[in-house]
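As structure tokens, the structure follows; a few thoughts come after it.
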Amino acid sequence: MAKSPVQFRLNGSDRATFVDPGDNLLTTLRRGLNEFGPKYGCGQGACGVCTVLIDGEPHLSCLTLAVACEGRHVETVSGMADGPNLHPLQTAFMDNFAAQCGFCTPGMLMAARALLERNPNPTREDVIEAIAGNICRCTGYEPIIAAILAAAGNRSQRQA
């Protein structure tokens, strides 16, 4: 089967590659574009470790066809930092010990980023709902929830 060209913005840079019609975005990112921020977990959309933002909305890259990203903006955890400066969510995860083994961290960070972009002052329940599709087997979620709320607090303090 012939490969199809696909072009999209990846973390602010234009990228182009050829994909098979059934290739998912996760495989395209990891194997085709050497972007290893999104992790391969279950491969069935159940764990959330492959979460990326597409046009600002969280998507499971293991369930998203690469060709569906034509002309769109894909963001991964690798694009969160501004050069050497970590994103406030990344700093909050470190400060709150929210990343133990770190395997779920990219998906959690992307889900949290999407939440804070649409709701800068989330409640605890908003945070729980936003990360509901992401499974962590280490922390029990409390440090992750605390980190996201801390980042939201820091963000609102900067905007005041």
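- With Thr76 as the partner, the side-chain contact (heavy atoms from CB on, under 4.5 Å) test is satisfied by one option alone out of Leu33, Leu29, Thr51: Leu29.
- More than 12 heavy atoms of other residues, nucleotides or ligands sit less than 6.0 Å from atom CZ of Phe36.
- The side-chain heavy atoms of Asn11 and Glu35, taken from C-beta on, include a pair separated by under 4.5 Å.
- Taking the side chain as every heavy atom from C-beta outward, Leu86 and Met94 approach each other to under 4.5 Å.
- Minimum interatomic distance between Pro106 and Val77 (heavy atoms only, all atoms of both residues): CB-CG1, 3.7 Å.
- Asn134 places a side-chain N or O within 3.5 Å of a backbone atom of Gly48 that can act as its donor or acceptor partner.
- Using a 4.5 Å cut-off on side-chain heavy atoms (C-beta onward), Asp126 and Ile128 make no contact.
- One N or O on the side chain of Thr64 and one on the backbone of Leu60 form a donor-acceptor pair closer than 3.5 Å.
- For the pair Cys101 and Cys138, the minimum side-chain heavy-atom distance is below 4.5 Å.
- Side-chain contact between Leu115 and Pro122 is present, with at least one heavy-atom pair separated by less than 4.5 Å.
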- Item | Evaluation steps, side-chain contact (heavy atoms from CB on, under 4.5 Å), between Val19 and Lys3 | CA-CA 5 Å; Val19 297; Lys3 291 187 177 269; over 6 Å; no
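- Between Arg124 and Glu129, none of the side-chain N atoms (NZ, or NE/NH1/NH2) sits under 4.0 Å from a carboxylate O, so this pair counts as no salt bridge.
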- Message: Go through it in stages, so that I can follow the logic: the residues are Leu25 and Phe8, the test is side-chain contact (heavy atoms from CB on, under 4.5 Å), and I'd like the CA-CA distance, side-chain angles, deciding distance and then a yes or no.
- Response: CA-CA 11 Å; Leu25 180 59; Phe8 52 87; 4.2 Å; yes
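- To the nearest 0.5 Å, atom OG of residue Ser61 and atom CG of residue Leu26 are 4.0 Å apart.
- For Asp14, the salt bridge (charged side-chain N to carboxylate O under 4.0 Å, His left out) criterion is met by Arg9, not counting sequence neighbours.
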- Task: Given side-chain contact (heavy atoms from CB on, under 4.5 Å), test Cys136 with Ile144 step by step and report yes or no.
- Result: CA-CA 9 Å; Cys136 172; Ile144 295 168; 4.1 Å; yes
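- Sorted by first and then second residue, the pairs that involve residues 54-74 and meet salt bridge (charged side-chain N to carboxylate O under 4.0 Å, His left out), not counting sequence neighbours, are Asp55-Arg72.
- Atom-to-atom distance recorded for Ile131:CD1 and Ile148:CD1 is 5.0 Å, nearest 0.5 angstrom.
- Considering only heavy atoms from C-beta on, Tyr40 stays 4.5 Å or farther from Cys50 through its side chain.
- Looking at heavy atoms from C-beta onward, Gln90 lies in side-chain contact with Leu109 at the 4.5 angstrom threshold.
- Glu75 is linked by a salt bridge (charged side-chain N to carboxylate O under 4.0 Å, His left out) to Arg113, counting only residues two or more places apart in sequence or in another chain.
- At a threshold of 4.5 Å between non-hydrogen side-chain atoms, the residues Met108 and Tyr141 count as touching.
- The minimum heavy-atom distance linking Asn24 with Cys62 is given by the pair ND2-O, 3.3 Å.
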- Item | Stepwise side-chain contact (heavy atoms from CB on, under 4.5 Å) test for Asn96 and Ile145 | CA-CA 9 Å; Asn96 288 276; Ile145 295 166; over 6 Å; no
